[in-house]
Amino acid sequence: MMNCLQSWPEPVVRVQSLAASGIRAIPERYIKPPSHRPLPKDNFSPPQEVNIPVIDFQNVFSDDQRLRDEALRDIYSACREWGFFQVVNHGVSHELMKRTSEVWREFFNLPVEVKQEYANTPATYEGYGSRLGVEKGAILDWSDYFFLNYMPVSLRNRNKWPATPASCRELVDEYGSEVVKLCGKLMKVFSMNLGLEEDSLLNAFGGEENVGAGLRVNYYPKCPQPDLTLGLSPHSDPGVMTLLLPDENVAGLQVRRKGSWLTVKPIPNAFIINIGDQLQVLSNAIYQSVEHRVIVNSNSDRVSLALFYNPKNDSVIEPSKEFVSDDRPALYPPMRFDEYRLYVRTKGLCGKEQVESLTIS
């Protein structure tokens, strides 16, 4: 199915190398149309940062019924009202988070010829990349990335993971295992909050053995004209949910809320969780994915790690019968996840266009 996507339509330019070359103006290929730019230049003071809901995740498992109910309620309202929230006391070692983030920063600071050994193609996306979508002449984002498959285990290919720095593979293994576990706990919470059995959602997406997970490490270099471009164009995530380890020293993630772009203030040692399109489809839009994007700046580069938690590749996702009634018919037709994802890989990022284009009129 991906055979149509064997190679990139133009020679790949590494944004990090562009930024390091000392250019004062960014190439035309990165300049967004005026309506897509972050802010007019005169407003490009540090963005106003907001706190999205913060959940103390250990309360979900508290012996105190009141704390437990309150935490579940807070997550439910965050899913309904925001589509985004941060979790603290989530059980993943802070030390592991820090070391994994640092090892990837070291990777991106290696000589370009070392990184080039891991260059990716559109067929799998796995490896070192600098663009999404295969449309010739597309306007590009100001970022490089490294993408790897983590789940199911059958898709895991450690040879495609960086061999340098020396601890990278081991840290990816350990970090991946911990965050996938956390995603499993979140799935139970989402299920219970929707009035389902706690394993219902996980089973609908393929079960513990078959569920998909991919890690995308984003590198956003400094940019001489941050008011003209974006690190990542507006999009909603195609999978079930995303667990993001942001750069806690530099804000960059923006969430669209009620027509405005709000910059998320990262909390130390927290993960940012957001709902993906497949959860929107399965819940018949009770939970909704939310458009988000990334801005860049001229003073600092940023590294963030996004773990995409996805349905089994060939699973067919449709609104669950529990959420379909005469009053609320199914909003989406059944669709295989790999077909859905192919759309993003072909077209690149385009807001919420993809999930909205599916809606049954």
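If you read the sequence from its start, that first residue is 1, and numbering goes on from there.
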N-O pairing of [X] and [Y] below 4.0 Å:
X: Asp144; Y: Lys115; value: no
X: Lys98; Y: Glu95; value: no
X: Asp301; Y: Arg105; value: yes
X: Arg341; Y: Asp277; value: no
X: Glu81; Y: Arg257; value: no

Run the ring pair (Phe, Tyr, Trp, His ring centres under 6.0 Å) check on Phe57 and His90 step by step: do they pass?
CA-CA 5 Å; Phe57 200 63; His90 40 65; 8.3 Å; no
For the residue pair Trp104 and Phe146, does the interplanar ring angle fall in the parallel (under 30°), tilted (30 to 60°) or perpendicular (over 60°) class?
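Plane angle between 30° and 60°, so tilted.
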Honestly, is [X] close enough over [Y], meaning NZ or CZ under 6.0 Å from the six-membered ring centre and within 45° of the axis?
X: Arg156; Y: Tyr150; value: yes
X: Arg14; Y: Phe108; value: no
X: Arg216; Y: Tyr145; value: yes

Hydrophobic cluster identity match, Val324 and Phe205, side-chain contacts under 4.5 Å
no
Apply side chain to side chain donor-acceptor pair (under 3.5 Å) to residues Asn120 and Glu126 and explain how you reach the verdict.
CA-CA 6 Å; Asn120 71 351; Glu126 193 155 25; over 6 Å; no
Before we go on, tell me: are the rings of Tyr128 and Trp161 under 6.0 Å apart, centre to centre?
no
Rounded to the nearest 0.5 Å, what separation is found between the OG atom of Ser304 and the OH atom of Tyr220?
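The distance works out to 4.5 Å.
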Minimum side-chain heavy-atom gap Tyr30-Val15 below 4.5 Å:
yes
